[in-house]
Amino acid sequence: MRGRFPWWIVFLGIGLALAAGGAGYVVVTARKNGPRWNNLLPAARAKIEELERAAETQGLAVMFYDGWRSPEDQKKLMANPAGVTKVTDPLDSHHAWGVAFDIVFKNTVGIPYWPADNDPRWRQLALLGRSLGLRSGGLEWGWDFPHFWLPGFEVAALKRDFNRQPLAFLQSRGVAVA
């Protein structure tokens with residue numbers, strides 16, 4: 001046995017990384033499938049692609065992490081004691097309406113990670129998003145740097161105009177809701 005590489009350690013590490021996703025989030029690099037991607041407005045998906053390409057040209061290794069969230073998913077985040085969201089109504093999140101998404105950094109093997117809030121790359125990414133016409137949680141609120149959304153979609157108006165039915169809004173915009 002001497003001299004053989006212990007491959008089981010590699011496979012164990014991969015398994016642990018995948019299991020760490022929990023709560024409906026899978027830690028893999030192929031995140032652009034399923035309802036979190038498909039239930040975004042086409043304009044949001046296009047902006048994600050544009051932001052990723054522009055970030056790459058500036059030397060930022062980023063990836064799409066999260067997009068559309070059902071009200072049930074948003075409630076889980078609201079109940080998280082770590083305080084990952086500050087909304088008190090699940091429909092107050094732009095994610096529920098398919099117009100918001102989160103972009104995070106990725107390491108050399110493509111696993112998502114979140115540098116410290118004061119890492120200058122967050123501000124660089126936020127300013128890049130703004131230059132592409134996006135709104136940025138980091139720039140507008142001073143926190144939530146991964147969060148971007150399309151301008152022109154105010155939650156209060158969406159809730160009123162679509163009777164608190166985000167899926168009706170998405171369907172009215174041509175999204176085949178999954």
Side-chain angles (χ1 to χ4, degrees), residues 17-52 62-106 111-117 122 125-126 129-130 132-178:
L18 291 173
Y25 295 93
V26 178
V27 181
V28 295
T29 57
R31 301 188 67 81
K32 294 179 180 173
N33 56 38
R36 291 186 185 275
W37 176 259
N38 296 331
N39 289 355
L40 288 170
L41 291 186
R45 291 193 304 261
K47 282 295 182 183
I48 291 165
E49 300 283 347
E50 185 180 7
L51 180 55
E52 287 175 330
V62 299
M63 65 184 286
F64 167 73
Y65 186 76
D66 201 7
W68 177 81
R69 293 185 197 133
S70 70
E72 294 75 26
D73 290 337
Q74 192 64 37
K75 286 177 188 175
K76 289 177 189 174
L77 289 176
M78 290 165 47
N80 186 327
V84 294
T85 184
K86 294 185 180 183
V87 298
T88 56
D89 175 345
L91 298 182
D92 282 346
S93 170
H94 284 94
H95 286 279
W97 299 93
V99 299
F101 53 88
D102 296 335
I103 299 288
V104 298
F105 291 92
K106 61 182 177 180
I111 303 295
Y113 79 99
W114 293 254
D117 287 346
W122 282 123
L125 181 63
R130 179 186 279 170
L132 298 175
L134 293 167
R135 295 182 67 185
S136 160
L139 295 177
E140 299 210 15
W141 310 321
W143 66 281
D144 203 0
F145 277 96
H147 184 76
F148 294 90
W149 72 100
L150 299 174
F153 295 99
E154 299 307 323
V155 169
L158 291 168
K159 286 168 46 174
R160 180 191 67 239
D161 296 346
F162 290 90
N163 197 28
R164 299 182 55 85
Q165 300 295 317
L167 297 182
F169 165 72
L170 292 169
Q171 289 169 334
S172 78
R173 294 298 182 115
V175 175
V177 177

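Heavy atoms only, all atoms of each residue included: Ile111 and Met63 are closest at C-SD, 4.5 Å. Between Ala126 and Ser136, the shortest heavy-atom distance links the atoms CB-OG, 3.3 Å. Counting all heavy atoms, side chain and backbone alike, Pro71 lies closest to Pro90 at O-CB, 3.7 Å. The minimum heavy-atom distance between Leu91 and Trp97, with the atom names listed, is O-NE1, 2.9 Å.
The CG atom of Leu41 sits 12.5 Å away from the CH2 atom of Trp68 when rounded to the nearest 0.5 Å. To the nearest 0.5 angstrom, Asn39 atom CG is 9.5 Å from Ser70 atom OG.
Using a 4.5 Å cut-off on side-chain heavy atoms (C-beta onward), Leu167 and Phe162 make no contact. A heavy-atom distance below 4.5 Å is found between the side chains of Leu150 and Leu134. You'll find the side chain of Leu158 stays beyond 4.5 Å of the side chain of Pro166, heavy atoms only. Put simply, the side chain of Leu125 does not reach to within 4.5 Å of the side chain of Phe145, judged on heavy atoms. Under the 4.5 Å side-chain criterion, counting only non-hydrogen atoms from C-beta, Pro146 is not in contact with Phe105.
With respect to Tyr65, the ring pair (Phe, Tyr, Trp, His ring centres under 6.0 Å) criterion is satisfied by exactly one of Trp37, Phe148, Trp114: Trp114.
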Which pairs would a plain distance check flag for residues 45-52, meaning a side-chain donor or acceptor within less than 3.5 Å of a matching protein atom at least two apart in sequence or in another chain?
from  : atom 1 : to     : atom 2 : distance (Å)
Arg45 : NH1    : Asn38  : O      : 3.1
Arg45 : NH1    : Leu40  : O      : 2.7
Lys47 : NZ     : Glu50  : OE1    : 3.2
Lys47 : NZ     : Leu132 : O      : 2.4
Glu49 : OE2    : Lys32  : NZ     : 3.2
Glu52 : OE1    : Lys32  : NZ     : 2.4
Glu52 : OE2    : Lys32  : NZ     : 3.4
Glu52 : OE2    : Phe64  : N      : 2.9

Per-pair distances, 0.1 Å, donor-acceptor, side chain in residues 168-178, under 3.5 Å, sequence neighbours excluded:
from   : atom 1 : to     : atom 2 : distance (Å)
Ser172 : OG     : Phe169 : O      : 2.6

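Partners of Thr85 by side chain to side chain contact (heavy atoms under 4.5 Å, CB included), not counting sequence neighbours, listed by chain and number: Gln74, Leu77, Met78, Val87. Shown here are the ring pair (Phe, Tyr, Trp, His ring centres under 6.0 Å) partners of His147, two or more places apart in sequence or in another chain: His95, Trp141, Trp149.
Applying the salt bridge (charged side-chain N to carboxylate O under 4.0 Å, His left out) rule to pairs touching residues 138-157 yields Arg135-Glu140, Arg135-Glu154, sequence neighbours excluded. Pairs passing the salt bridge (charged side-chain N to carboxylate O under 4.0 Å, His left out) check and including a residue from residues 89-100, sequence neighbours excluded, read Asp89-Lys159, Asp89-Arg164, Asp92-Lys159.
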Before giving the answer on salt bridge (Lys or Arg N to Asp or Glu O under 4.0 Å), spell out for Asp102 and Arg31 the whole-Å C-alpha distance, their side-chain angles and the decisive distance to 0.1 Å. CA-CA 12 Å; Asp102 296 335; Arg31 301 188 67 81; over 6 Å; no

